[in-house]
Structures are given as structure tokens and as C-alpha cells.
Amino acid sequence: MATSTTTTATEPYNAGTIPTLAAPEPEHCPGTESELAGKADACEGCPNQLICASTPKGPDVDLPAIHKRMEGVRHKILVLSGKGGVGKSTFTSMLGWAFAQDADKEVGVMDLDICGPSMPTMMGAKGEQIHMSNSGWSPVYVADNLGMMSIGFMLPNEDDAIIWRGAKKSGLIKQFLKDVDWGSLDFLVVDTPPGTSDEHLSVNQYLKDTGVDGAVLVTTPQEVALLDVRKEIDFCRKAGIKILGLVENMSGFVCPNCKGESFIFAPTTGGGKALAADMNIPFLGSVPLDPRIGRACDYGESFLDEYPDSPTSKAIMRIIRQVRDSVGEPMEDDDGDEVAIEL
Amino acid sequence: MARGLPKKNKLRGVDKVVAVSSAKGGVGKSTVAVNLALSLAMQQKRVGILDTDIFGPSIPKLLNLSGGVPNVTESNRLIPLSNYGVKAMSMGFLLPNDESPVVWRGLMVMKALQQLLHDVEWDGLDILVLDLPPGTGDVQLTITQQIVVDGAVIVSTPQDIALIDAVKGINMFKKVDVPVLGMVQNMSVFVCPNCNHETHIFGSEGVQRVTDRLGTEVLGSIPLHPKICTLSDAGTPVVVAEPDTANASAYKDIADKVLQKLYI
């Protein structure tokens, strides 16, 4: 890497059971699984040398434990975006609340954003603690059928920054999957941080066996956000994660005074709809901006419960119905019939 | 592997380094960084901007340099690309196209970042603005441990969810001994173009509360204006495209304050 100006991973990487390299290997690389991995002369200078030399060869010993915990989880949904601040955590909390409205379903929310854990605040569980027992870590229950796990519950002081390198974050994610006693869940919704790094690679690697139903991608309409989402779509394809669809958040704003609509984050290149058509993925819908969402999230209230008649709530419920359809659990109305989607 | 913490070095040929950060994503770090750099350049300073967001590099788009490929000097150092009087380097220039993701674990990110930090031929700068990615992880640690950063500007939107993370960002800089110059409140208020009614979409006054609590100050407040977004997407940042508007003045005022604090 010293002399080249290109530092990209151009080959598709494979997230198998063994920790893998995600960058071009040096010439004469003996291979990550060989006995000489990390020890051969050709390994000098490769940034992954230490990983290759120190990892035990053979399948990851914790995967069977993770498999056992995840056996009771029927559907796993990841909420991704390449871009920060588009509303992943907000959408995850709404998915959690909406799934849990159905009293027969058990729902879990897992917050993988180690540096900026927003889920405790958004779900109204700030200051709660996790209990560790023989059967594992107990998730924090914000409703009878809605449990959650986040590093936010483990910090002594909410202002403390968690300045960890990637490997340590991966270790914690493994613990979230291996040690948390979720019990039997119908839905597990996973909130991820922005980017395509350790957290995303790790969660995909650990859940490869048990399988993830798919990922919901969130974006805002402007091109600067779409740039990052395209990368995320490519990541999902290469990692074998099914894309359930794209949600366009912060779509338009209706002035409370004059009811005029403004596009604050203007879709200069067609927004989420054009991107979805271009990349051949389902477009789940657009969600308009509502100042009350920010406030509801800050106070840890469910926006969908407080303001069910807002156009934003209706848009979100339409999207959630499509997500449930795509994982094979369509929503039912009071008579037990499937609800038709009004588009 | 060296034992103990790496030693901080001053970047060769660069006088002052300002980091624009926020632990939260999507609050406008890149937009603020670009407009700040351009405003400083308008004050006759030699300015460069380094985009350290390896996974989502936005600077090429914002400076209308997408698709640019940097050349190398004889000693294999990268030559930054320029636009609007500001030199820029980004991971985005080193990718084959806009859609290739960079899916790397921490160690590879560190290596790439070291190259971006040390192997760029800035050729003498007064100020280098660093656009940091969201989070408080590998990138932030590598930067603050390896080079001397003269000041950090923390960007946030007014709502609590963003401020919680911004406070973590401030505490991170305190821990690694980087002076915090102040906070920028972005997306503070939306003025309806129809009726001029003001709506605080993301709350209000949140940033002031945090700065009071943590003993720093608010460098400025930037409104939520659709023009800022459309001009950014078009690669013509607002201080260059519409320098006489209130939006541009908001950024220029922040640049003035930053200059004052850097050169005390």
C-alpha cells in the first residue's frame, strides 16, 4: 500500500465463518487459512498480518452459541443506510413500537451503534440497567412484549464517549448476540451505525448461519445522501443480504401556518424513488418531516401512538405494512383479515 | 508494534489544523467544513480540506470535484485537487467510481487514513480543515493520536438525540487534549418561503444549553434553508454561489470566530 494511490477493495469479499480480509492481499499471500498465515515473508507490511497470525484456524467457536440464541428468533431485520443522520434509529424505534402494537408478538430491538447509542433515549428507557444472570443478559423491557439491548444501558455516565477501535466493537456485538437472553422473539430489529465497517461486517458474519430476513435502507432525498446509500446497496449485494426496500425520510415539509409544502432536502437527482428504480430495489415510500417526531424521540415517546393522524404516521404505517408483508407476516386488522395496503 | 501511545506530530507544511466533528451523523459536518474552508480562503488564507470519512466521502461532491483523480509527486506523495481556491483530498478521489463501497475493518481504515494524513503534498497551508466522520472510533482516535490538532469545532442540530452524541464528541476531544473551539448549531430554524413563518423542526436552544453546561461557546447558528442543500448537491457551496445572503453570512461569521480563536 506504500506506493499505490489506489487503496480500494475491488474483489468481492466473503464473510464466512472465519475472519476474512476485506482488502487486496499482498502478492504471494499464503492465504488467510494456511498454516503460514501472518508468518510468511510476504506478510511483512500487510496490515492484517497480526490478525492472520493470531486468529485460531478453523470455524469461529462462538458461532454455535449464537446460533442457539437466535434459534428462537423468527425474523431478523437490519436497518441500514450508508449515511448518518437520515433516521435509522428513529425508524427502528417506530418499527419496534409498531410490531409491538400486536400484543401476540414478541419484539426485540438491538442497538449496534456503539459510539452513538440513540435507542435508549428514543424508546424512553434512559437510565435503565441490564441484569446479568445465569441464563444470560436480560434485555430491558419498555413494554410487555418489547425488549431492547444497547450499550447505552451499560455506561456509568451518559456523557462518556466510547472511543473503541473496530475489533473491540465487534467483540461487544458478538456478546449482544451470544449472551443476551432474548427468549423467543417474533421480530428482532437491529439498528446499525452509518458506514460500512466493523459493525456491519461482524453482524453479517455472525448471523450468516441463522440468516437475516433482510435489510431496510433509509435515506433522505438529497444526492449527498444517495451517494452513500448506493455504496450500502452494493455492500448488501456483495454480502448476500436481501434488501427489503428503500425508505425516503424527511421528504417534504408542510408549513403549519400556510400549509405550503417545501422540499428542504431537495431531491435534485430524483430522490429515493429514482434511486430505487435505478438499482432495482423496492421503494417502500416517502416520509414527510414533522417537527413533533424529533420531540417525541427526545422524550422517548412513540410518535405513532401520540399522533396517529399525522400524514407522517400514515406514511410510516404504510411502509411498516410492506415490511411485514415482505418477511411473510402480513398485518391483520381486528377481524383477523389481512389489511390491504392503500398506496 | 511500538509500545505506548504514538507520539503526536505536527503535519509538515501546515500551520494550523481544525477538526470539524460531531459524534452524530447527518448534522452537517461536511457542509459546515466546506463552507468554513471556503470562507477562510476568502480571508486570504491558504486553506486545505481533508475528508477523513473513508466510508462516505462527501467532499468531492460538495466541491464539484467528483471523478477527479489526483497525481503523485516524484516522491510518491498525493497532490491535492483544487477548486474555489481551496485544496482538497478525499478517499472519494481514490475510488474507481461513486458506487464502490469501502467495506474495511479498523486496521485497513487506519492504514488508509495514515496515507491521507501524511502522504499528501499540501505545499504550505495556513489552515487545514479536517472533515471527520460520525462516531468516536478508529478514525477519530488515529487522527487525534497521530497529529497535532489545534482546535475542534463540534456541529450539532438542536435536538437532544443529536446533542447526546455531540457531548460525547466534546468529551472525546477533552480526553485526547484537543481544545474545543466551540459548537455550531445547524438546521436551527426553518423559515417558510411562502409565509415567512418560523418553525423549529429539530427543536431549539439545545446547543446553547450544552455549551453553558460544558463551558464552551456557540460559534454560530445556521438556518435550515433548502438552498443550502440544493447548492451543496450541485457542487457550488452557498458561500461561493450566493455570498451575499444571510446563509453565507452565517458561515462567514463562524469562520471569523474560528480565526480569532486559532490565532490568539
Side-chain angles (χ1 to χ4, degrees), chain A residues 1 3 5-10 13 22-23 47-48 51 82-86 115-116 118 121-122 158-167 169 193-198 201 222-224 227-228 230-232 234-235 253 255-258 260 262-266 268 289 291 294-295 297-298, chain B residues 23-27 55-56 58 61-62 70 72 76 78 94-96 98-112 115 133-138 140-141 159-161 164-165 167-169 171-172 175 190 192-195 197 199-203 224 226 229-230 232-234:
Chain A
M1 227 174 158
T3 52
T5 55
T6 51
T7 49
T8 354
T10 46
Y13 59 94
N48 280 293
I51 294 185
K83 185 97 180 78
V86 295
C115 298
S118 306
T121 311
M122 286 193 179
E158 160 179 281
D159 289 348
D160 280 343
I162 304 173
I163 321 175
W164 287 1
R165 290 201 182 273
K169 291 192 250 188
T196 46
S197 184
D198 289 89
L201 278 171
Q222 83 255 51
E223 176 60 22
V224 174
L227 273 179
D228 292 349
R230 285 196 191 98
K231 294 187 192 334
E232 198 75 12
D234 201 19
F235 163 73
F253 177 63
C255 175
N257 203 23
C258 68
S262 313
F263 287 99
I264 302 184
F265 301 109
T268 47
L289 262 175
R295 234 173 296 153
C297 285
D298 280 357
Chain B
K24 183 94 179 85
V27 295
F55 305 109
S58 307
K61 176 102 208 144
L62 293 171
V72 279
N76 259 327
L78 290 166
L94 306 175
L95 297 172
D98 267 346
E99 299 186 13
S100 350
V102 171
V103 191
W104 291 354
R105 288 194 184 270
L107 279 177
M108 295 303 295
V109 170
M110 253 182 73
K111 266 286 179 167
Q115 195 176 7
T136 50
D138 288 278
Q140 287 80 358
L141 264 178
Q159 79 220 91
D160 283 350
I161 285 283
I164 293 176
D165 290 351
V167 166
K168 290 188 180 8
N171 285 332
M172 172 185 74
K175 236 184 199 155
F190 174 67
C192 177
N194 249 0
C195 64
H197 176 81
T199 317
H200 293 275
I201 301 190
F202 299 113
L224 183 56
C229 172
T230 42
S232 297
D233 271 5

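Letters A, B, ... mirror the listed sequences (proteins, then strands); counts begin at 1.
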* Structure fact -> Turns out that what part of B/Thr230 lies under 4.5 Å from chain A's heavy atoms comes down to both

* **Heavy-atom contact with chain A under 4.5 Å, split by part of B/Asp165** => side chain

* Asked: Can you name the one residue among A/Phe253, A/Phe265, A/Phe263 that meets ring-ring contact (aromatic ring centres under 6.0 Å, His included) with B/Phe190?
  -> A/Phe253

* Considering only heavy atoms from C-beta outward, does the side chain of A/Glu232 approach that of A/Thr196 to under 4.5 Å? -> yes

* Asked: Taking B/Asn171 for the side chain and A/Asp159 for the main chain, is one N or O donor matched with an acceptor at less than 3.5 Å?
  -> yes

* With a 4.5 angstrom heavy-atom cut-off, could you sort out which part of B/Leu141 is near chain A: side chain, backbone, both or neither? => both

* Asked: Between A/Gly294, A/Ser262, A/Gly195, A/Gly82, which residue shows the highest count of heavy-atom pairs closer than 4.5 Å to chain B?
  -> A/Ser262

* Structure fact -> Cut-off 4.5 Å, heavy atoms of chain B, and the answer for A/Leu227 is both

* To do: Heavy atoms only, distances under 4.5 angstrom: which of A/Asp228, A/Thr121, A/Ile264 has the most pairs with chain B? Name it, please.
  => A/Ile264

* Asked: Among A/Asp198, A/Thr268, A/Val86, which residue forms the greatest number of heavy-atom pairs with chain B at distances under 4.5 Å?
  -> A/Asp198

* Asked: Which one, B/Met110, B/Lys175, B/Gln140, leads in non-hydrogen pairs under 4.5 Å with chain A?
  -> B/Met110

* Asked: Does the side chain of A/Met122 reach to within under 4.5 Å of the side chain of A/Cys297, using non-hydrogen atoms?
  -> yes

* Asked: Which bit of A/Pro193 comes within less than 4.5 Å of chain B, counting heavy atoms only: side chain, backbone, both or neither?
  -> neither

* To do: Identify which part of A/Ala266 has an atom lying under 4.5 Å from any heavy atom of chain B, answering side chain, backbone, both or neither.
  => both

* Please report the shortest heavy-atom distance between B/Gly135 and A/Cys115, naming the atom on each side. => CA-CB, 3.8 Å

* **Check: B/Trp104 main-chain N/O paired with A/Ser197 side-chain donor or acceptor under 3.5 Å** => yes

* Heavy-atom side-chain contact between A/Asp298 and B/Phe202 under 4.5 Å -> no

* Structure fact -> Of all heavy-atom pairs linking B/Thr136 and B/Ala23, the shortest is CG2-CB, 4.0 Å

* Which answer fits A/Arg295, side chain, backbone, both or neither, if we ask what part of it has an atom under 4.5 Å from a heavy atom of chain B? -> neither

